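Structure, as structure tokens:
Only a predicted model underlies this, so the values are computations on that prediction, with no experimental measurement involved. Only heavy atoms go into these numbers, but all of them, side chains included; no hydrogens, no water, no symmetry mates.
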Amino acid sequence: MIITKYARLTTPSLRSGAAVLALAGSAVLLPTTAQASQVSQAAQAELTAVAARAATPAVRGGTSVSPAGHRFAAVASGPVVFEAGPIVVTCAASETRDNAIPAAPQHTNPGGPVALRIKPPVFKDCTTDAPGLRVAVETNEDSGPWQVLLQHGDPSTARLSIPARGFVLRTSGLLACKATAAPAGPASAQGRWEGGTGPAVALDRAPIPVKLEGSFFCATSITGATISARYAVQDTTDPGRVITVDPA
């Protein structure tokens, strides 16, 4: 089991709600009922279109990850940031090493993503912006594996799969709280694959389910958090090779 120290989270759903409220407010300030009705109808149409796009998954083909069988490391190229309710944490370093691309033919999936099993990430030099508050991050694979699912497409995607209760963040000092990611079962953080000569997995405020426990001030009603990070992916079998995500 790996014990480390904190990172940082953000909640885009609050921004989405704020945007909807602002739009409704602008409609109320319009001088005529007809204009307000037109704006309301346009806003509703846009919300319906967004919901339809979200409900319709993109059509994607197969995926091939190369070089087959090579080992790799994923090292954060900047801070990792988590935020959940009152807990805001930044980790200066994070990595997962001694991982492997599946050997042929498992490195190719003609019908979807290729799953790469990874070691639970380590988080180092983590701090919080609250004075007098200490943080620690614990990761494990007690209930299942950590994985990255790579899908070729335009754009190609990278999905971080966290096993049930595989990430636990604790604060101590002035405020003792516990945040458990994927509390009810495996969960995924959706990101993107950055190809080219410096491939990376990027997560930009990716939402994950969490359960907060602790005192009244721990905001135990919060059920979601976000993670932002960019992990450079390096071929450790042959450092001169570049890991690629291609069509099957």
Side-chain angles (χ1 to χ4, degrees), residues 1-12 71-99 116-142 145-148 158 160-163 165-183 187-194 198-214 217-219 222 224-236 239 243:
M1 184 171 291
I2 301 171
I3 305 287
T4 31
K5 303 175 183 174
Y6 257 42
R8 165 174 176 167
L9 303 131
T10 334
T11 315
R71 306 199 76 78
F72 70 92
V75 180
S77 56
V80 180
V81 178
F82 300 94
E83 184 176 337
I87 304 173
V88 178
V89 179
T90 300
C91 288
S94 177
E95 64 181 27
T96 173
R97 294 185 178 272
D98 197 26
N99 310 299
L116 279 60
R117 183 168 182 167
I118 63 172
K119 299 292 180 63
V122 176
F123 298 91
K124 302 176 182 179
D125 302 327
C126 303
T127 59
T128 177
D129 52 2
L133 196 64
R134 297 181 299 274
V135 295
V137 173
E138 171 186 312
T139 57
N140 68 79
E141 50 186 1
D142 296 344
W146 285 71
Q147 298 183 95
V148 175
L160 176 64
S161 178
I162 305 170
R165 301 171 299 282
F167 177 101
V168 179
L169 180 154
R170 290 183 172 89
T171 66
S172 59
L174 295 179
L175 185 63
C177 300
K178 175 183 175 183
T180 302
S188 295
Q190 186 66 48
R192 67 183 184 277
W193 171 260
E194 297 180 353
V201 170
L203 303 168
D204 185 11
R205 297 183 175 89
I208 52 175
V210 297
K211 179 180 180 180
L212 266 66
E213 301 172 277
F217 296 102
C218 289
I222 297 293
T226 65
I227 175 173
S228 297
R230 183 182 185 276
Y231 285 88
V233 181
Q234 307 159 351
D235 188 322
T236 56
I243 293 176

Would a 4.5 Å heavy-atom cut-off, applied to side chains only, mark V201 and L160 as touching? no

Rounding to 0.5 Å, atoms CG (L133) and CG (L174) come to a distance of 6.5 Å

Where T139 and P121 come nearest, the two heavy atoms and their spacing: OG1-O, 2.9 Å

List for me each residue that meets side chain to side chain donor-acceptor pair (under 3.5 Å) alongside T180, sequence neighbours excluded, and say none if there are none. none

Between I208 and F167, is any pair of side-chain heavy atoms under 4.5 Å apart? no

Ignoring hydrogens and geometry, is there a side-chain-to-backbone donor-acceptor pair from T128 to V88 under 3.5 Å? yes

Does any N or O in the side chain of T96 come within less than 3.5 Å of the main-chain N or O of A74, such that one atom is a donor and the other an acceptor? no

Partners meeting side chain to side chain donor-acceptor pair (under 3.5 Å) with T236 (sequence neighbours left out): none

Nearest 0.5 Å, please: how far is NZ in K211 from NZ in K178? 8.0 Å

Side-chain donor or acceptor of S94 paired with backbone N/O of V122 under 3.5 Å: yes

Check: S77 side chain, R230 main-chain N or O, donor-acceptor pair, under 3.5 Å: yes

Check whether any side-chain heavy atom of P120 lies under 4.5 Å from a side-chain heavy atom of N140, and answer yes or no. no

Looking at K119, is its backbone amide N or carbonyl O close enough to the side chain of N99 to form a donor-acceptor pair, meaning the two atoms are under 3.5 Å apart? yes

Any heavy-atom pair between the side chains of Q234 and V75 that's under 4.5 Å? yes

